[in-house]
Asks: 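The structure follows.
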2 protein chains.
Amino acid sequence: MYLSKFLLPTSKDVTSEAKLVSHQLMLKSGMIKQVSSGIYSWLPLGVRVLSKIESVIRAELDVIYGQEIVLPSLQPLTLWEKSGRAVEESDMKSQIFHLVDHKESKYVLPPSGEEVITDLFNNSVQSYKEMGKILYQITWKFRDEIRPRHGVMRAKEFLMKDAYSFDTSRDMALESYERVFRAYLNIFKRMDLTVVPVLAPTGAMGGNYSHEFHILSPNGESTIYYQTELLDYLKQNDFTLQNFEKFYAKEEEKHIPESYDSLNVVQSKSIEVGHLFYLGQKYSKALGCIYQANDGGNHFPEMGCYGIGISRLVAAVIESSNDSKGIIWPSAISPFDLVIINLKPDDAVCDTLAKELYTQLSSLYEVLCDDTYNSAGRKFADMDLVGITWQVIIGPKLATERKFELKNRKTSAIEVLDLAQIHEVAQHIKSYKTNSSK
Amino acid sequence: MYLSKFLLPTSKDVTSEAKLVSHQLMLKSGMIKQVSSGIYSWLPLGVRVLSKIESVIRAELDVIYGQEIVLPSLQPLTLWEKSGRAVEESDMKSQIFHLVDHKESKYVLPPSGEEVITDLFNNSVQSYKEMGKILYQITWKFRDEIRPRHGVMRAKEFLMKDAYSFDTSRDMALESYERVFRAYLNIFKRMDLTVVPVLAPTGAMGGNYSHEFHILSPNGESTIYYQTELLDYLKQNDFTLQNFEKFYAKEEEKHIPESYDSLNVVQSKSIEVGHLFYLGQKYSKALGCIYQANDGGNHFPEMGCYGIGISRLVAAVIESSNDSKGIIWPSAISPFDLVIINLKPDDAVCDTLAKELYTQLSSLYEVLCDDTYNSAGRKFADMDLVGITWQVIIGPKLATERKFELKNRKTSAIEVLDLAQIHEVAQHIKSYKTNSSK
């Protein structure tokens, strides 16, 4: 993609309402534009990051045989009345958008899909042989936020991956829960993010076992308490729920039991980006979802539900990975793998080299090429702002020797390479990717 | 993907409300489940087809530098009041869902995005230098259908690709229009679909030049009239709007002018799957969208808008490509590239061969492997129903010689191959794909 064709409305000034650095940087880099309070349009740079995160999530849910579905946004109120989540007493009632069609049929625009997925499962699966499935969707959800703020961090419309598991027993349900837990750890690892899963209250979702995944962030809305040893444990690849429970990790600090080995508990501000709920039979009973068991009898499935706030995660990643110049994307979700910055596109030598590099590199990677006539200063400022992992810089001096600079946005390390070494660029990026996904 | 893990609730019987063969086959093959009138959940088989179509569309819009964005579904009513599309006199008014938030702010759930994209463009682009852009999104849209019917063909919630162009003059706008026209022809060609573009009335969108893309279908809701020579012309790769206009192709037959060379005009039932509108300055003026021209003055962009109904297209493809056994997917949008049908998964020889084939083929293709203990009859019936382009059939007799059958779903042609010839399978599929995308 050539920058001259790419819609990238960067700007220096943003609304004073944008207090969080992520909100400021998303506006400055032209990732989003506000439509009205809590409602945003996503521009090409933002859409590319969303789509990268979606790919990472799909890849890891594939591993655990997650089945991708799409539930409607228009959901009959009758289903929500069955679950009780749309009635006066529910915590969720005030946050749900309601509407009617021309026949006065009532609908809600949902923040999550328990009711419809349970109904769908009931209509799709009859036998215990088909249980143990994890279904997920990646769709835009809705919430009538009392106080929308911090850009896409707390918006009325948000992109969420929500997954649901259906099992024949509590034990099997907790195995599904553990599989998703492990998938989440892998998802965040691929994005180079340090997350802390904490035991959480279950709130409006029902059920009786829940974890939240938090990204550490000085400006986060949440406060968590966890044993520092937990982070080391999570870096290993032998995660089990049972082992995890040996560590203290909660949203509260009261009454830390003596049973925890080492009480090296620290406090941190954080941003919640994912959650897991063991729901039991709350929704399957409410919606009358049954399957036929081995013994011929009808039973209610044991369910779990599992969310990752994708649009919120974009902001959370930026909160945890930026510097004074702008965003620093983890390579797995960088909007492009690399950007070629042609400092003198009207110089024939620079132009030829840029085109050769673009042709060769774009067969292997997603490449943005800055072919604009902006000043060198503006080019560097814009590309540091948008935070693409690698910059290939072409200037008139080096170009005469068919050389260019390869710069890492995060470390600022620069290497001078020549065109014959183009495979080293590839090698560099590849080794970087391989390391980061470990 | 193993069928034992895949959510594929096929069924023999479907609701008598399903009159169209596409509606029946989508229900029978477990692609969709109805949630309520005009509202559907999409299951994994359906989601895979949607996602294949999305990929084809993205690939062709990339060629013309289309910029992917995401507009919100919650759109402030104030923007729609500016365009006039939400007021009493508008054709569209009765089809729009309305809702309010807890602050009594009013929103619509839109069937298309002219208002918000025009506002976004105004906030993102200042100079004539940045004009000539085509922006598009692939999102779920809403319409309060008076009479939802035929499954996803006419639903209240539908997946649509909508694109918008912004240019500095009518001539430039028509060049963008022509580029999208050509992209549409390529998109439908890749899917092996014969489409007929016809000159269309502009209706509720405004503007004064419009084409619809129709798939020929005996049960289609539309009737079109076109010169048979047009189909030959469209097979060539030298499309221009100017040449296209030499052919008669309309939704009406009255007053065919004598100027048309050969009046070999035929009538056909058809399904509309795409449209193009030249909008002029209708929306840019209404929304106050301006850019600064070369001469320093402020001007309103000349706009166009371009839609493809993706969920509707799934049904239209099935209408045009099925037999008594089920769906026959064009290879570019087949939910899997091939399915391995292991007729005896409890037979060690069959099982070993199936696993070897799965391992090798799934490194190259998207492969479904039927590892269930269903009867051979059920397996064949289910796989013919879901219509995956290629079937690799493993039976106990041939398996002892390390042989299997490769069957084409469309032609029913069967070839016996051995494991050493696995590359021929690949070759087969590849050559088929290459031919069909020409």
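Small disclaimer: the values here were computed from a predicted structure and weren't measured. In the text below, chain A, chain B and the rest are named by the order of the sequence lines, each starting its count at 1.
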Asks: Counting only non-hydrogen atoms closer than 4.5 Å, does Val125(A) touch chain B with its backbone (N, CA, C, O), its side chain (CB onward), both, or neither?
Replies: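 Side chain of Val125(A) only, per the 4.5 Å heavy-atom cut-off to chain B.
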Asks: Counting heavy-atom pairs under 4.5 Å with chain B, which one of Ile69(A), Asp144(A), Leu99(A) comes out on top?
Replies: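 If we count pairs closer than 4.5 Å to chain B, Asp144(A) comes out on top.
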Asks: Between Leu109(B) and chain A, which part of the residue has a heavy atom less than 4.5 Å away: side chain, backbone, both or neither?
Replies: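 The answer is the side chain of Leu109(B).
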Asks: With only heavy atoms counted, which part of Asp119(A) is less than 4.5 Å from chain B, the side chain, the backbone, both or neither?
Replies: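 Contact with chain B is absent: no heavy atom of Asp119(A) under 4.5 Å.
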Asks: To the nearest 0.5 Å, tell me how far Tyr107(B) OH sits from Glu157(A) CD.
Replies: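 Between Tyr107(B) OH and Glu157(A) CD, I get 10.5 Å after rounding to 0.5 Å.
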Asks: With a 4.5 angstrom heavy-atom cut-off, could you sort out which part of Ile117(A) is near chain B: side chain, backbone, both or neither?
Replies: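 Ile117(A) has no heavy atom closer than 4.5 Å to chain B.
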Asks: Can you tell me how far OH of Tyr2(B) sits from OH of Tyr65(A), rounded to the nearest 0.5 angstrom?
Replies: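 Going from the OH atom of Tyr65(A) to the OH atom of Tyr2(B) covers 6.5 Å.
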Asks: To the nearest 0.5 Å, what is the distance between CG on Asp62(B) and NZ on Lys5(A)?
Replies: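 Taking CG in Asp62(B) and NZ in Lys5(A), the distance rounds to 13.0 Å.
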Asks: Between Lys133(A) and chain B, which part of the residue has a heavy atom less than 4.5 Å away: side chain, backbone, both or neither?
Replies: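 Lys133(A) touches chain B through side-chain heavy atoms alone.
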Asks: Quick check for you: among Lys156(B), Glu145(B), His102(B), Lys129(B), which has the greatest number of heavy-atom pairs under 4.5 Å with chain A?
Replies: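 It is His102(B).
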Asks: Hey, could you give me the CD/CZ distance between Glu130(B) and Phe6(A), rounded to the nearest 0.5 Å?
Replies: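 Going from CD on Glu130(B) over to CZ on Phe6(A), the span is 13.0 Å.
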Asks: Which atoms form the tightest heavy-atom contact between Met1(A) and Gln67(B), and what is the distance?
Replies: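 The answer is CE-NE2, 3.4 Å.
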Asks: Please confirm whether the backbone N or O of Ser124(B) pairs with a side-chain atom of Lys33(A), one donor and one acceptor, at under 3.5 Å?
Replies: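 Here the side-chain-to-backbone pair does not exist.
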Asks: Does CG in Asp346(A) sit with more than 12 non-hydrogen atoms of other residues, nucleotides or ligands closer than 6.0 Å?
Replies: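 Yes, the 6.0 Å shell around CG holds more than 12 heavy atoms from other groups.
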Asks: Quick one: of Leu120(B), Ile32(B), Leu135(B), Val100(B), who has the most non-hydrogen atom pairs under 4.5 Å with chain A?
Replies: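 The residue among Leu120(B), Ile32(B), Leu135(B), Val100(B) with the greatest pair count is Leu120(B).
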Asks: What distance separates Ile146(B) CD1 from Lys103(A) NZ, expressed to the nearest 0.5 Å?
Replies: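 It is 9.5 Å, given to the nearest 0.5 Å.
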Asks: Tabulate, in ascending numerical order, the residues of residues 70-83 of chain A having at least one heavy atom closer than 4.5 Å to a heavy atom of chain B, or enter 'none'.
Replies: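 Under the 4.5 Å heavy-atom cut-off, Val70(A), Leu71(A), Pro72(A), Ser73(A), Leu74(A), Pro76(A), Leu79(A) qualify.
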Asks: Only pairs of heavy atoms separated by less than 4.5 Å count here; which of Ile39(B), Thr139(B), Ile134(B), Val116(B) has the most with chain A?
Replies: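 Most heavy-atom pairs within the cutoff with chain A belong to Ile39(B).
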Asks: Pick one of side chain, backbone, both or neither for Gln137(A), based on which atoms fall under 4.5 Å of a heavy atom in chain B.
Replies: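 Neither part, no heavy atoms under 4.5 Å.
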Asks: Considering only heavy atoms, which portion of Gln126(B) lies under 4.5 Å from any heavy atom of chain A: side chain, backbone, both, or neither?
Replies: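 Contact with chain A: none, neither part.
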Asks: I need the contact set between residues 41-52 of chain B and chain A: heavy-atom distance under 4.5 Å, sorted by residue number.
Replies: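 Listed by number: Ser41(B), Trp42(B), Leu43(B), Pro44(B), Val47(B).
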